[in-house]
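Reading through the structure tokens given below for one structure.
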Amino acid sequence: MALRILVVGSAGMLGRDLTAHLQARHRVIEADLPDLDITVPQLIEKAVHAERPDVVIHTAAFTAVDECERRPDIAFAVNADGTRNVALACHHAGVPLLYVSTDYVFDGEKPAPYIEEDAPNPVNVYGRSKFEGEKHVREIVPHAWIVRTSWLFGPLGKNFVRAILERAERGEPLAVVNDQVGAPTYTADLAGALEQIVIRGSPATYHVTNQGYCSWFGFAQEILRQAGLGQVEITPIPTALSARPAPRPRNSRLANTRLQAERLDLLPPWQDALRRYLL
């Protein structure tokens, strides 16, 4: 089934992979800065009204976690108020909305993976602003999907994989936190899941990640191993020594229970995703 899909945030790392994936089967309308600023309600209202999409996928966000802590005004303007503007535009036009959210809506204190029904309790500004965005979507749009994901990496933007490889190739010492656990998720794989959800998934909250878990340290080790840089020295450190302004949840694992309940495809293991990324 071919759809007319408006991708808000199409120039971002996920947005670009999503647009490339969708264009094979759908009519995709790309929307991002400087032409579309979601903090200006009139602009998103005009875009949705003019394009009349079958669905809007909202990937735009201020995702720099530490910078969000320093600039909460921008974080909430984009992630909370901007998302409210997108939701209102969809509501006024009667268009379904898929909103991409984050594992950072949770506090990380649960010992097991988080399921979709667990109560959010974000510990940093980024997580709080994204959770406010979730609440706006739920309150405003009758037909909406909220997709929480984690630890994104992809070929078209800054990410942890690229940062580790660049530092290793420059011969810089590597010290990576070993007490935060989550699921690295490849934007190319997530793009396929988002398409499945808007076509076949019931309106609901979904957790979507590549399968398996690791610490950031374990992720870095696997990056170096697969890149043929296993000889590079890397040191595990606790979060307390990382000198980051924003607190992070210790456990970011997300159980993909809604995908299974809807009989949608699970994403491949993160190690396989990393292999394909590095090809």
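Heavy atoms only: backbone and side chains are in, while hydrogens, waters and symmetry mates are out.
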- Task: Keeping the roles fixed (side chain from Thr149, backbone from Val208), state whether a donor-acceptor pair exists under 3.5 Å.
- Result: yes
- Message: Is it the case that the side chain of Gln196 and the backbone of Leu259 share a donor-acceptor pair, with hydrogens and angles ignored and the cut-off at 3.5 Å?
- Response: no
- Query: Has the side chain of Asn251 got a donor or acceptor atom that lies under 3.5 Å from a matching backbone atom of Pro249?
  - Reply: no
- Query: Do Thr257 and Glu116 have a side chain donor and acceptor closer than 3.5 Å?
  - Reply: yes
- Message: Can you confirm whether the side chains of Glu45 and Asn85 place a donor and an acceptor under 3.5 Å from each other?
- Response: no
- Task: Give a yes or no on whether the ring-centroid distance for His136 and Phe131 is below 6.0 angstrom.
- Result: no
- Backbone N or O of Thr19 within a donor-acceptor pair of the Glu30 side chain at under 3.5 Å? no
- Query: Can the ring centroids of Trp145 and Tyr99 be said to lie less than 6.0 angstrom from one another?
  - Reply: no
- Which atom names give the shortest non-hydrogen contact between Glu222 and Leu274, and what distance separates them? CG-CD2, 3.7 Å
- Sub-3.5 Å donor-acceptor pair from the side chain of Asn124 to the main-chain atoms of Arg248, do we have one? no
- Query: What about Phe219 and Trp270, are their ring centers closer than 6.0 Å?
  - Reply: yes
- Going by the side chain to side chain contact (heavy atoms under 4.5 Å, CB included) test, name the single residue among Leu97, Val147, Leu98, Val56 that passes it with Val198. Leu98
- Non-neighbouring partners of Tyr126 that pass ring-ring contact (aromatic ring centres under 6.0 Å, His included), sequence neighbours left out: none
- Message: Students often mix this up, so state it plainly: with edges at 30° and 60°, are the rings of Tyr186 and Tyr277 parallel, tilted or perpendicular?
- Response: perpendicular
- Query: Is the distance between the ring centroids of Phe153 and Phe160 under 6.0 Å?
  - Reply: no
- Side-chain donor-acceptor pair under 3.5 Å between Asp32 and Ser10, yes or no? no
- Message: Tell me if the aromatic rings of Trp216 and Trp151 count as close, with their centers under 6.0 Å from one another.
- Response: yes
- State whether Asp54 and Arg4 are salt-bridged, where the test is any N-O pair (Lys NZ or Arg NE/NH1/NH2 against Asp/Glu carboxylate O) under 4.0 Å. no
